[in-house]
Amino acid sequence: MNKDSRIFIAGHRGLVGSAIHRELTRLGYTHVLTRPRAELDLLDPEAVNEFFATEKPEYVFLAAAKVGGILANNTYPADFIRDNLVLQTNIIDASYRNGVKRLLFLGSSCIYPKLAPQPMPESSLLTGPLEPTNRPYALAKIAGIEMCWSYNRQYGTRYLAAMPTNLYGPGDNYDLANSHVLPALIRKTADAIRTGAPAVTVWGSGTPRRELLYSDDLAQACVFLMNLEDERYNTLFTENQAPLINIGTGEDVTIRELAETVAKVLGFKGSLEFDSSKPDGTPRKLMDVARLHALGWHHTTGLEEGIRRTWEQVQDRLPAAS
Ligand SMILES: NC(=O)C1=CN([C@@H]2O[C@H](COP(=O)(O)OP(=O)(O)OC[C@H]3O[C@@H](n4cnc5c(N)ncnc54)[C@H](OP(=O)(O)O)[C@@H]3O)[C@@H](O)[C@H]2O)C=CC1
Ligand SMILES: C[C@H]1O[C@H](OP(=O)(O)OP(=O)(O)OC[C@H]2O[C@@H](n3cnc4c(=O)[nH]c(N)nc43)[C@H](O)[C@@H]2O)[C@@H](O)[C@@H](O)C1=O
């Protein structure tokens with residue numbers, strides 16, 4: 001990308017999109033295109049086509065999606081499969097029709113089978129059954145990967161699908177019912193401190209393992225991939241392999257360890273309780289990040305440091321404890 005390239009961030013108000021926006025601004029990109037949902041509903045194919053035809057973006061970060069934690073996915077499966085299929089189809093197709101040079105489609109580590117080998121290489125895609133709590137969302141994401149691959153094969157595009165591990169950061173969703181585990185634990189722990197509650201309730205058994213990446217690190221990886229020179233970028237597109245790359249740290253922790261780390265950073269001295277009525281989900285989903293490392297990108301923010309930075313930025317903005 002040149003500093004004056006026309007770059008569209010779909011989903012620029014979200015956790016990932018806002019981090020990509022910050023990173024592009026920090027690096028001095030001057031022509032970043034954004035539209036709030038009220039002005040451009042990405043579920044509307046005609047509106048999306050018109051936007052692309054008018055603005056002619058050259059590069060697209062597809063960071064808009066229907067996103068949520070384990071309970072949201074399990075409660076609203078129809079919304080998750082429908083909205084994601086429609087939204088990503090609209091953007092990928094409009095990108096092709098309007099000559100977008102590079103598109104980065106963001107998927108998720110939940111595309112891999114529930115019992116994939118650990119760490120999970122890109123080649124484990126479609127090698128086994130998916131985790132039921134997020135199967136509709138995962139299938140929409142798998143369809144997005146296949147769509148990038150199909151357009152590349154049929155139309156000669158070079159659209160890449162990046163699969164981030166679980167993410168967190170300051171622009172996250174802190175709603176207790178619909179959020180992912182880390183923002184939920186930060187809010188619950190903050191609430192316990194404010195109200196003097198003796199314990200924080202953690203969903204499930206605490207034994208599942210998760211790998212967590214700070215949103216600013218992910219944004220750096222996305223911009224790094226978008227900016228790869230042709231010679232290295234083209235190595236990601238071979239006839240027999242989906243155009244897929246994992247983004248993560250290569251390190252994971254148990255949910256119990258995660259809750260303990262949040263307690264340490266926030267200074268909570270009470271105990272943890274485990275609510276076995278809530279689902280555990282996938283037992284483990286550690287990314288194999290060898291492909292990304294071979295290209296030269298590594299994460300820089302450790303888990304404790306990332307939680308500390310997140311906490312510093314959100315502590316005054318969390319809703320009052322109920
Ligand atoms: N968060 C995580 O842990 C992970 C996320 N990912 C992937 O990263 C990507 C971004 O996720 P994340 O930033 O966390 O999600 P967020 O929910 O924080 O952001 C999603 C963005 O998409 C926008 N959006 C959704 N639907 C529409 C629509 N119909 N029209 C216009 N805009 C819309 C939202 O707009 P609005 O602000 O108006 O709601 C929001 O800005 C997704 O593809 C997700 O699958 C992958 C792995 C883990
Ligand atoms: C990114 C990824 O995110 C989702 O998958 P997930 O990793 O299973 O989601 P999660 O972050 O919500 O939970 C991780 C683990 O943590 C436990 N857990 C404890 N206490 C809380 C808690 O308070 N809230 C939540 N949400 N989880 C909790 C929870 O029970 C589970 O064992 C997918 O839907 C899919 O959309 C996807 O791609």
Side-chain angles (χ1 to χ4, degrees), residues 9-21 34-44 47-48 61-75 77 79-80 83-84 86-88 90-91 104-112 114 130-131 133-138 140-141 144 161-169 171-173 175-189 200-213 215 218-219 222 247-248 254-256 258-259 262 272-285 287:
I9 308 173
H12 71 290
R13 285 182 167 169
L15 172 68
V16 172
S18 63
I20 293 173
H21 200 195
T34 60
R35 287 291 183 280
R37 188 197 293 244
E39 283 178 33
L40 176 60
D41 182 355
L42 298 169
L43 295 173
D44 178 345
V48 172
F61 291 93
L62 208 181
K66 172 87 181 155
V67 178
I70 191 167
L71 199 62
N73 269 269
N74 214 15
T75 312
D79 295 355
F80 274 81
D83 286 7
N84 285 309
V86 172
L87 188 155
Q88 70 202 29
N90 288 345
I91 295 179
L104 190 71
F105 167 64
L106 286 155
S108 163
S109 57
C110 68
I111 58 150
Y112 294 118
K114 176 172 183 155
L130 298 164
E131 155 62 30
T133 53
N134 53 37
R135 189 174 54 229
Y137 171 82
K141 294 293 187 183
M163 299 302 117
T165 186
N166 289 43
L167 306 167
Y168 68 99
D172 216 338
N173 168 13
D175 176 86
L176 283 178
N178 294 323
S179 62
H180 290 98
V181 60
L182 191 39
L185 289 176
I186 288 176
R187 179 158 170 210
K188 286 179 183 177
T189 306
V200 163
T201 303
V202 179
W203 293 355
S205 63
T207 59
R209 302 185 71 87
R210 291 292 182 272
E211 174 187 5
L212 293 125
L213 179 68
S215 57
L218 173 74
C222 291
I247 305 182
T254 64
I255 296 299
R256 175 190 284 275
L258 187 62
V262 171
L272 301 176
E273 284 173 356
F274 293 87
D275 175 0
S276 60
S277 72
K278 296 289 194 305
D280 268 347
T282 313
R284 191 177 190 198
K285 42 178 176 174
M287 290 293 209

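Just so you know, ligand 1 is whichever comes first in the structure, and atom 1 is the first atom listed for that ligand. No hydrogens, no waters, no symmetry mates; every other heavy atom, side chains included, goes into these values.
Using a 4.0 Å heavy-atom cutoff, Leu43 is listed among the residues neighbouring ligand 1. For Leu40, the closest heavy-atom approach to ligand 1 falls below 4.0 Å. Heavy-atom separations between Ser18 and ligand 1 are all 4.0 Å or longer. Close to ligand 1: Thr165, with a non-hydrogen atom less than 4.0 angstrom away. The closest approach between a heavy atom of Arg210 and any atom of ligand 2 is below 4.0 Å.
Among the atoms of Gly171, none of the N or O lies under 3.5 angstrom from an N or O of ligand 1. Between Tyr137 and ligand 1, at least one pair of N/O atoms sits closer than 3.5 Å. Checking only distances, Lys188 does come within under 3.5 Å of ligand 2, N or O to N or O. Residue Leu106 has at least one nitrogen or oxygen atom sitting less than 3.5 Å from a nitrogen or oxygen atom of ligand 1, judged on distance alone. Residue contacts with ligand 1: Gly14 is placed with a nitrogen or oxygen under 3.5 Å of a nitrogen or oxygen of the ligand (distance criterion only). Here's the thing with Val67: none of its N/O atoms is less than 3.5 angstrom from an N/O atom of ligand 1. The shortest N or O to N or O distance between Asn166 and ligand 1 is not below 3.5 Å. By the 3.5 Å distance cut-off applied to N or O atoms, Asp41 is counted among the residues near ligand 1.
Within the set Cys110, Ser179, Ala64, the minimum heavy-atom distance to atom 23 (C) of ligand 1 is found for Ala64. The closest non-hydrogen atom to atom 20 (N) of ligand 2, taken over Phe80, Phe274, Trp203, Tyr137, comes from Trp203. Across the listed options Ser276, Ser179, Pro183, Ser179 owns the non-hydrogen atom lying nearest to atom 26 (N) of ligand 2. In this comparison of Arg35, Arg210, Arg37, the heavy atom closest to atom 35 (O) of ligand 1 sits on Arg37. The option from Pro279, Gly69, Pro283, Gly107 that lies nearest to atom 29 (C) of ligand 2, judged by heavy atoms, is Pro279. When Gly69, Gly17, Ala65 are checked for heavy-atom proximity to atom 20 (C) of ligand 1, Ala65 turns out nearest.
Only the side chain of Asn73 comes within 4.0 Å of ligand 2, counting heavy atoms alone; its backbone N, CA, C and O stay farther away.
Below 4.0 Å from some heavy atom of Ser108 lie the following atoms of ligand 2, by number and element: 37 (C), 38 (O). Within ligand 2, counting atoms from 1 as listed, the ones closer than 4.0 Å to a heavy atom of Gly68 are 34 (O), 36 (O). Atoms of ligand 2 lying under 4.0 Å from at least one heavy atom of Asn166, given by number and element, are 1 (C), 7 (O), 11 (O).
Of the protein's heavy atoms, His180 CE1, 3.6 Å lies nearest to atom 1 (N) of ligand 1. Nearest protein neighbour of atom 9 (C) of ligand 1, counting heavy atoms only, is Ala63 O, 3.9 Å. The single protein non-hydrogen atom nearest to atom 30 (N) of ligand 1 is Leu42 N, 3.0 Å, given as residue, atom name and distance. For atom 3 (O) of ligand 1, the nearest non-hydrogen atom of the protein is Leu167 N, 2.9 Å.
In terms of heavy-atom proximity, Ser109 sits nearest to Lys285 at OG-CD, 3.5 Å.
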